[in-house]
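Following: one structure in structure tokens, then a few remarks.
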Amino acid sequence: MRALAVSLVVIYHLWPERVTGGYVGVDVFFVISGFLITSHLIRKPPLTGREMAQFYGRRIRRLLPASFAVLAATAVATRLVSAPTQWEGIAKEIIASALYVQNWVLAGSSVDYLAEGNDPTPTQHFWSLAVEEQFYLVWPLVIMAAFWIAAKRRLRAGVLVRYAIAAVVVISLVVSVLATATEPGAAYFITPTRMWELAIGGLVGSVAPLTVSRLNPSANAVLAWVGILAIVVAGVTYTEATPFPGSAALLPVLGTALAILAGSNSSSSPTRIFRWTPVQWLGGISYSVYLWHWPLIVLVPYVSGGELGWLDKAVILVATIVLAALSKTFIEDKFRFTKSAQGLLPTFRFAAAGMILMTVLGAAQLAEVNYRSQQAEQRLSAIETSGGPCLGAAAIAKGFDVCEPDPTAELVPEPELAKDDRSDAYADGCWSNEPFTERPICTYANGEKKVALVGNSHAGHWLPPLQKLAERNDWTISTFLVSRCNPTDAPLELDTQKKTDNCLAYGDWVMEQTKGDKFDLVITSERQSVPVQGESWETTEAPALAGYKSYLSRWAEAGTNVVVIKDPLFPGGSIPDCLAENPGNPGACAGTPEDWYWMDPLTDAAKELSLPNIETISMDEYFCKDGVCHAAIGSVVTFFDGSHITATYAKTLAPYLDQSLQRVLRN
């Protein structure tokens, strides 16, 4: 079963298009772990403090040595081969993984829209180990409490244990279904939504296998095959779009439980295949296979210089097996079976030392990142103060024949710093984030004319130049910014209906706050970041256009003066990461207008409506010229991820944005 589980996970990570639901292999692991741990706890319940300590000691010797080894190797390899833009995020996740809270870290970032464009880190897979460790921390207490209550009340301990486990299954499953429906990103990682899966395994471990009943052996074999089939069906039919875990996890979880419960040993059962020596061997090293495969998948492209090809994948597969076999022999088994490592004191000392060492390694990397960032910030501040005739957008405005690009010049901000080079709207908390119930308004400057900035994050990245223009043009800027959602009359395909409804309600609220003469000018810009509800990306442009036409018409009917800034062409992939991977060669990160194109139904709607108080402007000419779109212009990095303009480059756009605004306002 472990061999099947780890095979699903590894194949999914290497060939996701082949086994689209291979992530259910993790759920198989959860059930197996719950079954084994609960079976052991019922046979030898930890009724004293020492017995509890011995239980935790065995878990430490079984799991931590190999995980610490992989984390240490990953920390070193990351520093040697990955881009500097990745160091901070990976260092934080190494610390989280060593302390077994990685699942909560990922749950937090899963609801961060800007984190969606981040590259995967080599320790992400530790989230499932964190869930298991958190389960192991509380599960013995549940079993011990059941035995203690049974003894006090003179009840049958086995029955009470089953009731306790069943209660955990029901409560956690309900939480999982509700959380998956309301916040699926976070629900995938957090322990309360996953505990029922381990508890299902525990429930199986608390009852006798079906083989001790009078059930026909052939029927047992059929049930075992049904269980395996359920796992396989989930693995090949589920996709990333499947709401998970929630009720969808019942198929692989109950399938695993049924296969274990059947306990069939007949020649016609899956046992015949699972007892094959290579399968047994793979199952024996499955833990180390799981640990090693993902760091290799993430880090090998930094060495090979691109996406994984068939040769890269073959190397990763072989390296994973070799490293896993070595880890099993020289790390896992050494710590589990060597007598000198069996004592409780050495065991807990080892756990503490390992966690401290991993934390120190991560902290050292963070300290280096912080030092480099401070140096870069000082340099950036000096450059912004001194300016220069060819800094940023001025270079492309004057022409590269006048401002000749220097590929050897140091970029500002440095790629590592560029990832956080965002408008003040982020630090000031000006966003309505999912589920879009909060409605913050931030105000900048204190001029006589009132200007509203409306839209999602692609409106927010225009705040830095507008702040500069506010000083020049006597403006007060009020922001109505929302993350991911678009103020529109078209419902968006967000991951829950509640968010879709809240997004529409947010747009209605913005309309009421800004329409008419409440502002001298409303400036808006959007990225179509999700499709219209019920549509795919291929079919969403027309209904999105209709939604914006309706919304803009409401503004126009109220006499609102609106300027739509066309969303600039953007690359999609992280510009800072690309620049960090290609030092001294920013041209390697450039593209073409065709490559960087993205739909802009808001601008198209404004143009098609052609209403006198709805104007449009485009700043594309300050990003692309002569068929080339640039990752750095005038030595300034243009985007802080794959689509959002850096605050530094946006500020250099201020005079050119002002020209465009003044031109349309005079018309």
Side-chain angles (χ1 to χ4, degrees), residues 1-16 19 21-37 59-74 77 93-94 96-98 100 102-103 106 120-136 188-189 191 194 197-198 201 231 234-235 245 252-253 256 274 278-300 308 313 315-333 335-336 354 358:
M1 294 285 289
R2 281 181 173 144
L4 173 61
V6 80
S7 297
L8 284 171
V9 172
V10 173
I11 294 172
Y12 169 68
H13 285 153
L14 285 172
W15 295 279
V19 185
Y23 52 82
V24 302
V26 171
D27 305 86
V28 177
F29 273 125
F30 283 160
V31 178
I32 294 171
S33 296
F35 167 75
L36 294 174
I37 290 301
R59 294 295 89 210
I60 289 171
R61 290 191 294 272
R62 169 70 181 91
L63 300 174
L64 267 61
S67 69
F68 286 159
V70 171
L71 285 175
T74 301
E93 291 196 15
I94 285 174
S97 298
Y100 287 92
Q102 172 74 317
N103 62 320
L106 292 179
T121 65
T123 59
Q124 278 185 189
H125 63 318
F126 271 76
W127 76 266
S128 64
L129 306 181
V131 170
E132 287 198 23
E133 287 297 324
Q134 291 159 28
F135 175 82
Y136 295 151
Y188 189 87
F189 298 107
T191 308
R194 294 290 191 165
E197 302 182 29
L198 292 115
I231 298 169
V253 168
T256 306
F274 290 159
V279 176
Q280 288 279 302
W281 182 76
L282 178 59
I285 65 170
S286 60
Y287 176 58
S288 284
V289 168
Y290 183 79
L291 287 174
W292 282 109
H293 85 285
W294 184 247
L296 290 170
I297 289 174
V298 173
L299 294 175
V300 163
L308 294 175
K313 293 178 180 181
V315 169
I316 289 170
L317 206 54
V318 172
T320 295
I321 297 297
V322 171
L323 289 170
L326 293 173
S327 293
K328 178 69 166 60
T329 302
F330 296 106
I331 300 177
E332 290 186 57
D333 292 348
F335 277 87
R336 289 178 69 192
M358 292 302 105

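Quick note: numbers below take in every heavy atom, side chains included, and nothing from hydrogens, waters or symmetry partners.
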Report task. Evaluate the side chain to side chain contact (heavy atoms under 4.5 Å, CB included) criterion for residues Ser128 and Phe29: first the C-alpha distance (whole Å), next the side-chain angles of each, then the deciding distance (0.1 Å), finally the verdict. Result -> CA-CA 9 Å; Ser128 64; Phe29 273 125; over 6 Å; no
Requested in this report: From the options Glu332, His293, Lys328, select the one residue that forms a side-chain hydrogen bond (donor to acceptor under 3.5 Å, both in side chains) with Ser288.
Outcome: Glu332
**Report entry** Check against side chain to side chain contact (heavy atoms under 4.5 Å, CB included), His125 and Val9
**Finding:** CA-CA 10 Å; His125 63 318; Val9 172; over 6 Å; no
Query raised in the report: Between Lys313 and Trp15, is any pair of side-chain heavy atoms under 4.5 Å apart?
Result: yes
Report summary line: What one should report as the nearest heavy-atom pair of Phe189 and Val131 is O-CG2, 3.6 Å
**Report entry** Pair Met1-Ile231, side chain to side chain contact (heavy atoms under 4.5 Å, CB included): steps then yes or no
**Finding:** CA-CA 10 Å; Met1 294 285 289; Ile231 298 169; 4.1 Å; yes
Query raised in the report: To the nearest 0.5 Å, how far apart are CZ in Phe274 and CZ in Arg2?
Result: 13.0 Å
Query - Over all atoms of both residues, closest heavy-atom pair of Val6 and Ser286 - result: CG2-O, 3.6 Å
Report task. Run the numbers on Leu198 and Ile37 for side chain to side chain contact (heavy atoms under 4.5 Å, CB included), then give the verdict. Result -> CA-CA 9 Å; Leu198 292 115; Ile37 290 301; over 6 Å; no
Query raised in the report: From Leu106 CG over to Trp127 CH2, what is the distance, rounded to the nearest 0.5 angstrom?
Result: 9.0 Å
Query - Nearest heavy-atom neighbours spanning Pro252 and Ala234 - result: CD-CB, 4.0 Å
Query raised in the report: Say you draw a straight line from OG1 of Thr123 to CG of Leu129; how long is it, rounded to the nearest 0.5 Å?
Result: 10.5 Å
Query raised in the report: Does some side-chain heavy atom of Phe35 sit less than 4.5 Å from a side-chain heavy atom of Thr256?
Result: no
Query raised in the report: Checking side-chain hydrogen bond (donor to acceptor under 3.5 Å, both in side chains) for the pair Glu93/Gln124: CA distance, chi angles, key distance, verdict?
Result: CA-CA 7 Å; Glu93 291 196 15; Gln124 278 185 189; over 6 Å; no
Query raised in the report: Is any side-chain heavy atom of Ile321 closer than 4.5 Å to a side-chain heavy atom of Trp281?
Result: yes
Query raised in the report: Hey, what do you get for CZ (Phe335) to CD1 (Ile60), rounding to the nearest 0.5 Å?
Result: 12.0 Å
Report summary line: When every non-hydrogen atom of Leu71 is compared with those of Ser97, the smallest separation belongs to CD2-CB, 3.8 Å
Report task. Output all residues satisfying side chain to side chain contact (heavy atoms under 4.5 Å, CB included) with Ala69, sequence neighbours left out; order by chain, then residue number. Result -> Ile331
Query raised in the report: Say you draw a straight line from CH2 of Trp294 to OG1 of Thr320; how long is it, rounded to the nearest 0.5 Å?
Result: 11.5 Å
Report summary line: Between Gly34 and Phe135 the two heavy atoms that sit nearest each other are CA-CE2, 4.4 Å
Query raised in the report: Quick one: are Asn103 and Gln134 in side-chain contact, heavy atoms under 4.5 Å?
Result: yes
Requested in this report: Taking the side chain as every heavy atom from C-beta outward, state whether Tyr290 and Val26 have any atom pair closer than 4.5 Å.
Outcome: yes
Query - Non-hydrogen side-chain atoms of Leu14 and Leu317 separated by less than 4.5 Å - result: yes
Query - For the student: nearest non-hydrogen atoms of Tyr287 and Ser67, plus distance - result: OH-CB, 3.7 Å
Requested in this report: For the residue pair Leu291 and Ser327, establish whether any side-chain heavy-atom pair is separated by less than 4.5 Å.
Outcome: no
Requested in this report: Rounded to the nearest 0.5 Å, what's the gap from CG on Leu64 to CE on Met358? Could you check?
Outcome: 10.5 Å
Query raised in the report: Counting only N and O atoms by type, is there a donor-acceptor contact under 3.5 Å from the side chain of Tyr23 to the main-chain atoms of Tyr12?
Result: no
